[in-house]
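One structure below.
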Amino acid sequence: MIELADRDQTETIVRFDGVGLRYGRSPETLQDLSFELKAGSFHFLTGPSGAGKSSLLKLIYLAHRPSRGRIELFGQDIGRAKRKDLPFLRRRIGVVFQEMNLLEHMSVFDNVALPMRLAGQKPATYRSDIAELLQWVGLGAKMHAMPETLSGGERQRLAIARAVVARPEIILADEPTGNLDQEMGQRILKLFSELNRLGTTVLIASHDLDLVTSSGMPAFNIESGRLTSPLIEAIEDDPADDLGLVASGEPEFVYRRPLTLSDEDRLEDEGP
Amino acid sequence: MSMAFNPERWKPAALLPHEEAHDGALVFVVAVLCFLACATAIFAMSADRAAQGWANQLQGSATVIIRTKGSESPDMAASRAAEALAGTPGVAQALVLERAKAEALLEPWLGKDGIIEDLPVPRLVTVELDPTNPASAKALDNALKAAGVDATVDDHSLWMQDIIHAGQIARIAAVSLFTLMALAAASVIAFATRAGLSARHDVVEIMHLTGATDSFIANLFQTRFAAMAALAGFLGGGAAAVVAAAIRLLGGGYGLIPVLPIRWLDLLVTLPSPLIAGLVAAIAARVTALGLIKAMP
């Protein structure tokens, strides 16, 4: 189902320039954020609770508008974008929400089909793809189940399947392993790595430092609403790679090739 | 289990969850409003028809009150007046009202035994006008003057004005009530849409962030509430038709009361009720939903 993306990996997918975010009259939650995410890059966003990780992601998936500064998505200045164009930008972004935000009145299959339906595609064009994807994330036996009957790990995988089904150009995941045990966290991380290998840009917000360090993926840290120095030091240099974050005034981040996910690596249902 | 699920036979589920308890109450309220609106329309049509009938009756006739002069007897003066009027263009027929009938007209005020023999009961001439080219009161007056008869022509214009006025008031009242009920129905739908959006804010937000256009989300609410209102319009309009039919059957050809002569064709006014209710609901739901969705980033 999933094909390798033929994308220019020097293309900038996300660009923040002096961005600040304020909720109401409160002090700025995010301050002076300036960075770029290149197409096909994989990054973690770390920081303590309340540092602004979720707020940053929300700015990218257009759940909030910045109080100041400029944000470009896919080369388009969202401050100048017309409201009617925003849904089409959102369709290029896959989001795994922190609370998963599943539609509880819909089956697993219907939840995953949502982005396709909203994009106006006919069921005949995506039914088999969804079935294949659900098999791939280990929910093949629960396509007709309602979300409330799923375990935490299954719900997480369902949320991920919904986020990736429409082949978005970038996937944003907010604490996707937050409620999972370490093993399941690693397996989900492997899934993201595979998607990244297929060309999708990935940005994962996580406060699980063990997960981040064990992944070997580049990460940048946010504290009190400001980007700070990178958390992960170089693991292995790869000069040919410039897929990483380029923060103004920051050292270049490192990148290590993600693991590949074979058929044997498919996520399986949790134990009995 | 999975064996029972065949993706090829999958049918997309409703994007908005059902809320049957709320839906039932909403259908009831809108159905009541539709019933009242349809009943108002039927009764307004009947009242208008009654007013029109009375006006036509009055418009087609005139009454002439004869006053005797000198030694001429009242009967002779009335006969001369009827003769003069009968020859006037625009008059179909002029008849002298007999004394007995004139006395009968006074009975409500004077009683059966209150009219003494010598009471100078005015003689009346009833004039039936040509419906295609009715003579005016002035033409009748001129004909009487030419014949040397002292008389007053009453063309019922005073009454007619009152009846026409009453008919106009009935029409305005009906249109106002109908508009009021349509606005009430729209307000109820708008309130329900607001409540629905609020109750399902999570679903709306997910769709919004997953790439649904404002119009797509508004369509979901628009379709849902239009369908509910159309059902309510069918039920309310149907109930109004049943009630009107019962009145028509109970009261014979003139309806239950003579001032509301309901005709079978009047019941057709309930037919567009589902369509109008659905349209009002669709507009109200769409405007409300779009307003609320636009508050999202």
Side-chain angles (χ1 to χ4, degrees), chain A residues 58-59 61-66 78 83-95 97 99-111 113-120 122-124 126-132 134-135 139-146 159 162-163 165-166 168, chain B residues 1-24 192 195-225 227-228 286-297:
Chain A
K58 283 177 180 175
L59 283 175
Y61 63 75
L62 303 174
H64 289 316
R65 293 296 192 100
I78 63 160
R83 183 174 177 85
K84 67 180 176 63
D85 296 329
L86 297 181
F88 300 95
L89 288 175
R90 290 191 180 102
R91 289 176 196 175
R92 300 168 72 178
I93 304 169
V95 185
F97 300 98
E99 302 300 327
M100 288 171 272
N101 291 4
L102 302 175
L103 296 174
E104 301 292 338
H105 65 287
M106 286 181 163
S107 69
V108 165
F109 199 93
D110 277 297
N111 263 278
L114 180 70
M116 318 300 276
R117 291 176 67 180
L118 296 182
K122 290 193 166 69
Y126 58 78
R127 275 191 301 232
S128 56
D129 288 349
I130 290 175
E132 188 182 345
L134 284 172
Q135 293 283 357
L139 292 174
K142 299 202 170 179
M143 290 187 197
H144 66 303
M146 300 305 281
R162 188 179 66 187
V165 68
Chain B
M1 290 300 289
S2 60
M3 295 303 286
F5 185 82
N6 180 358
E8 294 305 316
R9 297 176 65 183
W10 167 74
K11 299 284 181 207
L15 288 171
L16 289 180
H18 292 291
E19 292 173 57
E20 287 169 7
H22 297 159
D23 292 356
L197 268 167
S198 176
R200 289 297 164 191
H201 186 264
D202 51 344
V203 177
V204 172
E205 187 180 35
I206 292 167
M207 288 194 287
H208 176 68
L209 294 176
T210 311
T213 60
D214 295 352
S215 182
F216 180 91
I217 297 172
N219 275 347
L220 295 176
F221 286 91
Q222 178 183 334
T223 307
R224 162 172 284 198
F225 287 112
M228 272 198 293
R286 184 169 190 84
V287 169
T288 308
L290 280 177
L292 291 171
I293 296 163
K294 283 196 190 306
M296 300 171 98

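Values reported hereafter were calculated over all heavy atoms of this structure, with side chains retained and with hydrogens, waters and symmetry mates removed. Chain letters run A, B, ... following the sequence lines, proteins first, then strands; residues in each count from 1.
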At a 4.5 Å cut-off on heavy atoms, which part of Leu102(A) comes close to chain B: side chain, backbone, both, or neither? backbone

Taking all heavy atoms of Ile206(B) and all of Arg162(A), pick out the closest pair and write down the distance. CG2-NH1, 3.9 Å

Give the minimum heavy-atom separation between Pro12(B) and Pro123(A), together with the two atoms involved. CG-CG, 4.0 Å

Minimal heavy-atom distance between Leu15(B) and Arg117(A), with the atoms involved, is CG-NH2, 3.6 Å

Closest-packed option against chain B by number of heavy-atom pairs under 4.5 Å, given Arg91(A), Arg127(A), Met106(A): Arg127(A)

All side chain to side chain contact (heavy atoms under 4.5 Å, CB included) counterparts of Ser215(B), not counting sequence neighbours: Thr213(B), Asn219(B), Arg286(B)

Let me know if Lys294(B) has heavy atoms under 4.5 Å from chain A in its side chain, its backbone, both or neither. both

Specify the closest pair of heavy atoms between Arg65(A) and Pro297(B), including all atoms of both residues, with the distance to one decimal. CG-CB, 4.4 Å

Going from CZ on Arg90(A) to CE on Met207(B), what distance comes out if it is rounded to the nearest 0.5 angstrom? 13.0 Å

Determine the minimum heavy-atom distance between His105(A) and Leu16(B), stating which atoms define it. NE2-C, 4.0 Å

Least distance between heavy atoms, Leu62(A) atom then Leu209(B) atom: O-CD2, 4.2 Å

Could I get the full list of side chain to side chain contact (heavy atoms under 4.5 Å, CB included) partners for Glu99(A), not counting sequence neighbours? Asn101(A)

Bottom line for Arg92(A): the part with an atom under 4.5 Å from chain B's heavy atoms is neither

Under 4.5 Å from any heavy atom of chain B, what part of Ala63(A) do you find: side chain, backbone, both or neither? both

